[in-house]
Amino acid sequence: MLNEQRELILGRVRSALADSGEAMPTGGPMASAAARSAGMPAGTPGALAERTAADTGDADDRALLAAFTNEVHRLHGCVRTIGNRAELDAALGDLVRSERIRAAQLWQTEDLDRLGVAATLAACGVVIVPPDAAVGEVAACELGVTGADALLPETGSLLLRFDAGRPRTASLLPGIHLAIAWPSALRRGLGQALGEAGGRGPFVLITGPSRTNDIELTVTVGVHGPAALHVWLMDLSKEEK
Amino acid sequence: MSTMREPIDFRGRSAEVPAEMSAAMRQATARTGRSRAEVVAAFGNERWQAQRRAGQAIRMDTLLHLDQHLTTLEAAISAAGGHVHWAADAESARTIVLEIAQAHGVTSIVKSKSWTAKEIELEAALRAAGMNVLETDLGDYIVQLAGPRLPKHIVPAAQLTRQCIADLFRQELGVAIAGGPAADPAPEPQTLTLIARERLRAAFLAADMGLTGANFMVAESGTLVMVTNEGNGRMCATVPPLQVVLVPITKVVPDWAGLAVLLDLLPRVATGQKMTSYVQFMHGPRANTDGYGPRELHVVLIDNGRSKLLGDEMGRRTLCCIRCEACLHVCPVYNTVGGDSYGWVQPGPIGAILAPQVLGLNVAHALPFASTLCGACNDVCPVMVPFTEVLLNLRSKVVAGDGGNPPAVSPVVVAGATMAAAVLSSPVLYRGAAQAAAVLQTPWRKGDWLAALPPPMARWTAVRPLPVVSTAFRRAWHARAKDSSLGAPLSRARRGLAWAAALLVAGGLAAWLGHRRRGVG
């Protein structure tokens with residue numbers, strides 16, 4: 001039954017395309033985007049990726065960071081720059097107190113471990129929920145802390161790849177999402193970011209808090225995903241790499 | 001698609017639509033239109049046009065090699081641990097989903113917005129099998145709660161007040177909302193949103209299966225892409241142990257470079273955002289990832305009449321559609337009559353060109369005429385679907401008859417139109433016909449007007465008379481100008497122009513004579 005439907009559909013597709021008279025390629029099933037774009041007019045994928053890079057090519061990292069910050073703020077997210085470890089600890093403490101954080105799920109990555117985020121939160125009395133906790137337990141957390149694999153200035157987006165120790169739930173279930181990122185994660189365009197992350201497993205592009213305008217066309221946040229998005233950028237001059 | 005369908009009565013259906021619905025639709029789509037204009041301006045117009053051309057090129061190239069991309073996609077999804085099912089039509093698709101759900105003992109399903117699910121009439125089949133299907137998109141959730149109490153023609157986001165929704169939540173959810181019915185002030189939308197969030201979260205955590213669509217499928221890696229704002233799509237794909245994704249075969253994208261181009265286009269035109277809140281990239285079930293997501297992922301690839309459009313250029317250009325629905329937002333017809341009038345799951349300009357090609361002209365012959373041909377859809381479409389060209393093509397097929405369908409007009413009218421075209425395209429025939437008409441019109445002439453012509457022109461002159469055919473156009477025009485309220489001013493203007501021309505000529509002549517007398521040049 002399954003194979004019959006498959007052969008039926010593929011047969012329909014092949015015979016429709018064959019009847020149309022369009023030549024089928026004799027090469028492999030898929031050319032790379034670059035090879036294809038070489039034969040296609042300007043404005044096709046490879047050329048566009050280059051143009052996108054060229055569009056922001058003159059902008060230095062500071063300008064890109066400023067653009068990213070403006071976009072996130074425009075979407076009612078919050079961006080701040082953290083200069084050193086003490087400032088980070090103080091900011092975490094403030095967040096815990098102001099938002100009454102009782103439990104949090106964190107990514108377990110080298111960067112976040114080196115910054116001691118889990119230890120600082122635990123010292124503030126926050127229960128740290130492991131990265132493989134049951135969904136119900138994560139849903140009860142007020143805070144989710146992640147890193148960010150890419151930052152996109154044009155749209156104010158964060159790209160988060162999911163893997164062991166990098167749970168997707170941390171940026172979805174709690175009411176507050178805190179992303180701790182480094183300016184080295186800045187990418188010039190969507191093409192570059194997807195080129196790096198694509199095909200390596202599941203990931204998400206997050207642009208501002210969860211939102212809807214299904215009630216009286218009024219924008220409200222926190223429908224299903226987090227209502228608040230905080231992005232803390234570790235300052236370039238203090239970057240520990 | 002469905003084997004037997006009644007012809008869609010667009011005119012009859014649109015006559016039932018109340019005026020207040022049109023006003024609400026325009027209010028909703030106008031906002032999106034303003035946002036769209038802003039983000040496109042920020043993108044840069046030249047860059048935007050290049051992006052559209054690239055989007056079109058990618059979509060056309062994909063369709064021309066669709067079978068190859070589908071087999072690559074299937075292999076990649078399977079390699080990532082997903083299950084791929086193929087459904088040639090709506091009934092097969094429903095059967096596949098039912099079998100998957102029943103094999104896993106599913107009783108509760110959480111569903112994110114999916115036009116494909118609506119197209120194959122899946123929800124009714126699932127309910128008939130004893131399963132509960134809960135809409136999780138906030139607007140759809142509210143509509144589902146309201147059920148038959150909601151009037152047929154309504155734009156929920158624009159016409160359901162917060163007071164209305166609060167009352168609905170009180171009645172259906174048993175929630176105590178401060179203020180009581182008809183309270184003043186009414187609860188804030190944010191308050192109502194949080195109530196829905198809490199209720200739906202409980203449903204997500206208890207659900208056996210998540211049912212979603214996908215906006216794109218990246219063939220080279222088997223990744224499914226969902227473009228959303230609320231997060232309910234992420235919840236459906238993260239929390240339940242089983243996920244079924246319904247996707248038409250035409251949504252495949254060959255590679256990540258192509259996807260990047262289309263992702264820069266889709267949110268900007270669809271919702272007027274540079275990027276939606278969430279774009280999730282689903283890659284297989286939870287095994288070998290972060291340990292969250294479905295244990296089993298099933299992807300159902302659906303044809304349901306699309307493959308037959310691949311055989312000609314018009315069909316392929318139609319299938320380029322990436323379901324942004326921007327054409328709906330800018331369409332004056334859709335904004336006046338709403339989606340129900342189109343009698344099919346996909347309304348608006350894209351519905352008007354897709355339905356006749358998928359359902360057949362015998363069912364959807366009225367839809368190509370559901371357009372003013374203003375071309376706003378052409379201008380807004382991110383992948384440059386040539387809507388007006390396709391509409392005209394379909395109209396001529398309806399009129400002339402196509403395949404098993406008889407012509408929509410009588411051979412007499414067709415002969416008359418053909419003759420008129422020949423006369424109007426030949427100066428000799430045109431002048432000859434005008435001279436003949438000037439004589440033949442005499443029995444019906446009343447002064448300078450033809451007040452009551454015989455059929456078929458009687459339908460025109462019943463409403464307004466036609467001016468007589470005059471072979472001396474200039475004389476007739478002057479006569480009309482003299483009689484009209486413009487006559488006197490026109491005469492004065494003509495006299496003034498004549499004097500000015502005479503003075504210019506005299507002045508020019510005097511200057512030339514003076515020049516010659518001085519012997520210069």
Side-chain angles (χ1 to χ4, degrees), chain A residues 2 5-6 8-10 12-14 16-17 19-20 22 25 29-30 33 36 40 43-46 48-49 132 135-136 139 154-155 157 162-164 166-169 172 190-191 194-195 198-199 201-218 220 222-225, chain B residues 28 31 50 53-54 57-58 64 66-68 72 85-88 92 138-139 157-158 161-162 165 189-190 192-193 197 201 205 220-221 229-232 234-235 238-239 254-261 263-264 274-275 277-283 289-292 303 307-308 310-312:
Chain A
L2 293 175
Q5 296 275 303
R6 179 184 189 274
L8 179 59
I9 293 171
L10 289 173
R12 284 175 184 168
V13 170
R14 285 172 186 140
L17 290 173
D19 286 347
S20 74
E22 294 281 354
M30 232 149 27
R36 207 171 51 245
M40 292 173 90
T44 46
L48 263 177
D132 58 354
V135 168
E154 191 173 12
T155 53
S157 305
F162 304 132
D163 207 341
R166 296 164 143 256
R168 66 192 76 181
T169 45
L172 174 63
L190 190 56
L194 293 185
F203 61 99
V204 73
L205 208 54
I206 294 175
T207 311
S210 144
R211 64 189 60 234
T212 183
N213 64 353
D214 282 349
I215 298 178
E216 289 187 349
L217 298 175
T218 303
T220 57
V223 200
H224 299 292
Chain B
R31 279 193 193 205
R53 287 191 294 272
I58 289 162
L64 284 169
L66 188 61
D67 57 322
Q68 297 170 9
T72 304
H85 308 264
W86 300 74
S92 307
L138 183 59
T161 62
R162 59 185 78 177
I165 294 169
Q190 188 68 51
L192 300 171
T193 299
R197 173 192 169 99
R201 183 152 287 203
L205 291 172
E220 69 175 334
S221 60
N229 270 310
E230 294 185 9
N232 60 313
R234 285 186 74 190
M235 295 293 285
T238 298
V239 179
D255 52 31
W256 289 96
L259 179 71
V261 172
L263 268 186
D264 263 334
K274 293 183 181 181
M275 189 59 68
S277 298
Y278 303 115
V279 184
Q280 59 172 328
F281 300 82
M282 301 175 282
H283 185 86
T289 64
D290 58 343
Y292 293 100
D303 178 358
S307 55
K308 67 185 176 194
L310 291 168
D312 62 51

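Chain identifiers are assigned alphabetically (A, B, ...) following the order of the sequence lines, protein sequences preceding nucleic acid strands; residue numbering begins at 1 within each chain.
Chosen from Thr212(A), Leu194(A), Thr155(A), the residue pairing most often with chain B at heavy-atom distances under 4.5 Å is Leu194(A). Top candidate by heavy-atom pairs under 4.5 Å with chain A, chosen from Gly139(B), Pro189(B), Ala87(B), is Pro189(B). When each of Gly291(B), Ala260(B), Ser221(B) is scored by its heavy-atom pairs under 4.5 Å with chain A, the top score falls to Ala260(B).
Contact check for Val223(A) versus Asn232(B): no side-chain heavy atoms found under the 4.5 Å cut-off. Put simply, the side chain of Arg168(A) reaches to within 4.5 Å of the side chain of Thr289(B), judged on heavy atoms. Put simply, the side chain of Asp303(B) does not reach to within 4.5 Å of the side chain of Leu8(A), judged on heavy atoms. Considering only heavy atoms from C-beta on, Arg211(A) comes within 4.5 Å of Asn229(B) through its side chain. Using a 4.5 Å cut-off on side-chain heavy atoms (C-beta onward), Val204(A) and Phe281(B) make no contact. Considering only heavy atoms from C-beta on, Leu10(A) comes within 4.5 Å of Trp86(B) through its side chain.
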Inset, instruction - Walk me through it: do Met275(B) and Leu190(A) pass the test side chain to side chain contact (heavy atoms under 4.5 Å, CB included)? - result: CA-CA 11 Å; Met275(B) 189 59 68; Leu190(A) 190 56; 3.9 Å; yes

Inset, instruction - Could you go through the side chain to side chain contact (heavy atoms under 4.5 Å, CB included) check for Tyr278(B) and Ile206(A) one step at a time? - result: CA-CA 5 Å; Tyr278(B) 303 115; Ile206(A) 294 175; 4.0 Å; yes

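Interatomic distance, CD of Glu216(A) versus CG of Leu192(B), reported as 8.5 Å (0.5 Å rounding). With rounding to the nearest 0.5 Å, the separation of NZ in Lys274(B) from OG1 in Thr207(A) is 11.0 Å. To the nearest 0.5 angstrom, Ile165(B) atom CD1 is 4.5 Å from Ile215(A) atom CD1. Atom OG1 in Thr220(A) sits 11.0 Å away from atom CZ in Arg197(B) (nearest 0.5 Å).
Side chain of Arg234(B) to main chain of Gly225(A): no donor-acceptor pair is present (N/O by atom type, distance under 3.5 Å, no hydrogens or angles). Not a single donor-acceptor pair under 3.5 Å links the side chain of Ser277(B) to the backbone N or O of Gly208(A). Using a distance-only test at 3.5 Å, with no hydrogens or angles considered, no donor-acceptor pair links the side chain of Arg14(A) to the main chain of Asp67(B).
Shortest non-hydrogen contact noted between Arg12(A) and Ser307(B) is CD-OG, 3.3 Å. Arg201(B) and Leu172(A) make their closest contact through NH2-O, 3.8 Å (heavy atoms, listed as atom of the first residue, atom of the second, distance). Closest non-hydrogen pair, Asp163(A) versus Asp290(B), comes out as O-CB, 3.1 Å. Closest heavy-atom contact between Gly199(A) and Trp256(B): N-CZ2, 3.3 Å. Listed here is the closest heavy atom pair of Ala139(A) and Leu205(B): CB-CD1, 4.4 Å.
For Leu310(B), the parts lying near chain A are the backbone and the side chain together; criterion is any non-hydrogen pair under 4.5 Å. In this structure, chain A has heavy atoms under 4.5 Å from both the backbone and the side chain of Arg162(B).
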